[in-house]
Amino acid sequence: MRDAELIKVFNRRALLVAGGELFLFSILAGRLYQLQILDNAKYKKLSEKNSVRIKLIAPPRGIIKDRFGVEMAINKNSYGIQMIPEEITARGLSVEEILNRISELIPLTDKEKDKILHNIKKKRAFFPVFIKNNLGWEEMAKLQVKNLDFTGVYVEEGKQRYYPFGEIAAHVIGYVSDVSEQELKTDSDPVLQLPDFKTGKAGIEKLMDKELRGSAGETMQVVNASGRIIETLDDKKKKTVAGQNIVLTIDKRLQEYALNRIKEESASAVIMDIFTGDILTMISVPTYNPNIFLSEDTSVEEFNKLLFNPRNPFMNKAIEGLYAPGSTFKMITALTALSEGKITPNTRINCTGHMDYGDGRYHCWKTSGHGLLDLEQSLQHSCDIFYYTIATKLHMDSIQEMAYKFGLGDFTGIELANEKKGQVPSVSWKRNYKSENWYTGDTITASIGQGYTLVTPLQLAVMVARIANDGIAVKPRILKGEYENVFFPQMSIDPRYLNLVKKGMFSVVNKPNGTGKTAAFEYNGQYMAGKTGTTQVKRITREERLNGVIKQEDLPWKYRNHALFVGYAPYKNPRYAISVVVEHGMSGSGAAAPIARDLMKKTLELYL
């Protein structure tokens, strides 16, 4: 009985094993049928003398737009030719020979050939190498007709970066150019190996390069012995992922207006929203057209003309230019003195045109003096003696602390590369960097924004924004949507003191004899408040004071004073801050203030 049960169990298990083997055999037979019968034609193409090539497909680069969706950096269709060195050498041909054949149909200079050969050495042999871009239809047709004579050479339709508004926002947007050898060494993204692939080199193009570039796709191609594509295997495709679109805070309309207004100068201008930090315009002139980095027609002479221009067209002066703030710094000195109780709103100081302190004599810009002035009047007339006097009661470290609160001498955090930190000195700073002691005379000089203090135009705009918004520590931004509901902390500044300074800034522009009266305008009952600044580039010597100071217009351009203006509008219910710096503009009231007037008026026309 027991033997019969064992035989019964064994038979069941044998049946299960046999069934499993039959199932596996049926799968194998089905796969063989598919390979040998159904896919016979496909694999016949992959047989002798044919080869399979995996081709990377470049993703579309993300579009850069202004705050209202105007496209500032786009991709346009282009035709180009490229080669795969491995396919050429595998058939006993040389790259040099193929390049010579191509040059019989389309122009290739020796320099271009050398560059192609250099690029081949940088990449693996199976990666395509760019030969020439921006082909015309006739040139492309010639190459297509001669396709069999150019083994391993392919005409491709692709996308090329293009900046439709050229120089309007070059320093903000930046530009793209060829992948560098350093990038190939440090970045493993295979898309960098594609021929004529570009990466961001400046501005937002550089900062957001990985987001903008996207991910490469793949396709499998069957090519015959002559290199001709026999078939593209659609079922073996990997889709490209387009780059992310970027929206900026700048307004193309205002950007264009600002550029046209100041393009004859060497200057910069910034306009920002005092509550959100949005940069509505950031201009630096002279500027450049970023399309020059993509055009094969750009000559070395043309590029060098920009590169060696003493007015630095490639520099974004708004964040890289460092300038003494001059009299625009007087608001910081005033707020320090008020906060420390060294002066009151009613303090009055007599200006006779100069002040003696220790062994030094310190001069006001108005040699005859301003007479008796309170704080509001000291700003209105930009009296130096008022600030020299209160500086003798202040410690430089206190002035530095106040300057830091208002964004001077430190990085703003703007989303752009190469921002300069600037500098507001202190007692320890001079000891560490100059190996010298700090003297009261240093504080006197610093009180009017001269000496060792250096700031950027963007920092000046931030300073004014924090004054105008009643002490909210707003930070600037150039990327829209990063933090729509951001919270900026309130600074510990008595609002009474801020109101006093704002009242003085209103007088600067809108009262008789104010140094900024050239910035005055009225738009629908709205006015601007501000402060001028003029900073020395060439020191006035004692001999010049005795024998007569050389007029600014008689000096070489590089020795003339810088001109500055900072302001905000509307005066009541303020919303926008502005800073303008004109290099060697001689006078804040003469050069910078009229520019600020026109830019701010245009801003109010667009937004109010």
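By the salt bridge (Lys or Arg N to Asp or Glu O under 4.0 Å) test, Asp384 pairs with Lys330, sequence neighbours left out. With sequence neighbours excluded, the residues satisfying salt bridge (Lys or Arg N to Asp or Glu O under 4.0 Å) with Lys430 are Glu436, Asp442. Not counting sequence neighbours, the partners of Asp278 by the salt bridge (Lys or Arg N to Asp or Glu O under 4.0 Å) test are Arg67, Arg477, Lys480. Take Val509 and apply the side chain to side chain contact (heavy atoms under 4.5 Å, CB included) test, not counting sequence neighbours, and it matches Ala519, Ala520, Phe565. Applying the side chain to side chain contact (heavy atoms under 4.5 Å, CB included) test to Glu264 and every residue at least two apart in sequence or in another chain returns nothing. Contacts of Ser492 classified as side chain to side chain donor-acceptor pair (under 3.5 Å), with partners at least two apart in sequence or in another chain: Lys405. Tyr576 pairs by the ring pair (Phe, Tyr, Trp, His ring centres under 6.0 Å) definition with Tyr607, not counting sequence neighbours. Every residue two or more places apart in sequence or in another chain that forms a side chain to side chain contact (heavy atoms under 4.5 Å, CB included) with Pro313 is listed here: Pro286, Leu306, Asn309. With sequence neighbours left out, Thr518 forms a side chain to side chain contact (heavy atoms under 4.5 Å, CB included) with Ser589, Ala593, Pro594. Under the salt bridge (Lys or Arg N to Asp or Glu O under 4.0 Å) criterion, Lys252 pairs with Glu256, not counting sequence neighbours.
Each of Glu583, His562, Lys317 was checked for a side-chain hydrogen bond (donor to acceptor under 3.5 Å, both in side chains) with Tyr323, and the lone residue meeting it is Glu583.
In this pair, Phe303 and Phe293 present their aromatic rings perpendicular. The plane angle is above 60°, beyond the 30 to 60° band. Between Tyr452 and Trp438, the two ring planes are tilted [angle within 30° to 60°].
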Which donor-acceptor pairs under 3.5 Å do side chains of residues 370-378 form with protein atoms, sequence neighbours excluded?
unit_1 : atom_1 : unit_2 : atom_2 : d
Asp374 : OD1    : Glu376 : N      : 3.3
Asp374 : OD1    : Gln377 : N      : 2.9
Glu376 : OE2    : Ser507 : OG     : 2.7
Glu376 : OE2    : Lys511 : NZ     : 3.1
Gln377 : OE1    : Asp374 : N      : 3.0
Ser378 : OG     : Leu375 : O      : 2.6
Ser378 : OG     : Tyr387 : OH     : 2.8

Show me, pair by pair, the donor-acceptor contacts under 3.5 angstrom made by side chains of residues 521-530, not counting sequence neighbours?
unit_1 : atom_1 : unit_2 : atom_2 : d
Glu522 : OE2    : Asn524 : N      : 3.3
Glu522 : OE2    : Gly525 : N      : 2.4

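Minimum heavy-atom separation, Trp365 to Ser382: NE1-O, 2.9 Å. The shortest heavy-atom contact between Thr453 and Pro425 is OG1-CD, 3.3 Å. When every heavy atom of Ile279 is checked against every heavy atom of Pro476, the shortest pair comes out as CD1-CB, 3.8 Å.
For the residue pair Tyr257/Glu605, the side-chain donor-acceptor check at 3.5 Å is not satisfied. A donor-acceptor contact closer than 3.5 angstrom is absent between the side chains of Thr456 and Glu419.
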Requested in this report: Kindly indicate, with the supporting measurements, whether the criterion side chain to side chain contact (heavy atoms under 4.5 Å, CB included) is fulfilled by Val537 and Arg560.
Outcome: CA-CA 6 Å; Val537 174; Arg560 296 174 185 173; over 6 Å; no
Query raised in the report: Yes or no on side chain to side chain contact (heavy atoms under 4.5 Å, CB included) for Tyr433 and Gln423, after CA distance, side-chain angles and deciding distance?
Result: CA-CA 12 Å; Tyr433 290 94; Gln423 171 180 287; over 6 Å; no
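Ion pairing between a basic and an acidic side chain is recognised when a charged N comes within 4.0 Å of a carboxylate O; Arg253 and Asp66 show no such pairing. At a threshold of 4.0 Å, the pair Lys263-Glu167 does not count as salt-bridged, since none of the basic side-chain nitrogens sits closer than that to a carboxylate oxygen.
Leu555 places a side-chain heavy atom less than 4.5 Å from the side chain of Gln552. Contact annotation: the side chain of Val464 never approaches that of Thr328 to less than 4.5 Å [non-hydrogen atoms, C-beta and beyond]. The closest side-chain heavy-atom distance from Leu416 to Met282 is below 4.5 Å.
Annotation: Tyr559 is not in aromatic contact with His584 [ring centroid separation under 6.0 Å not met].
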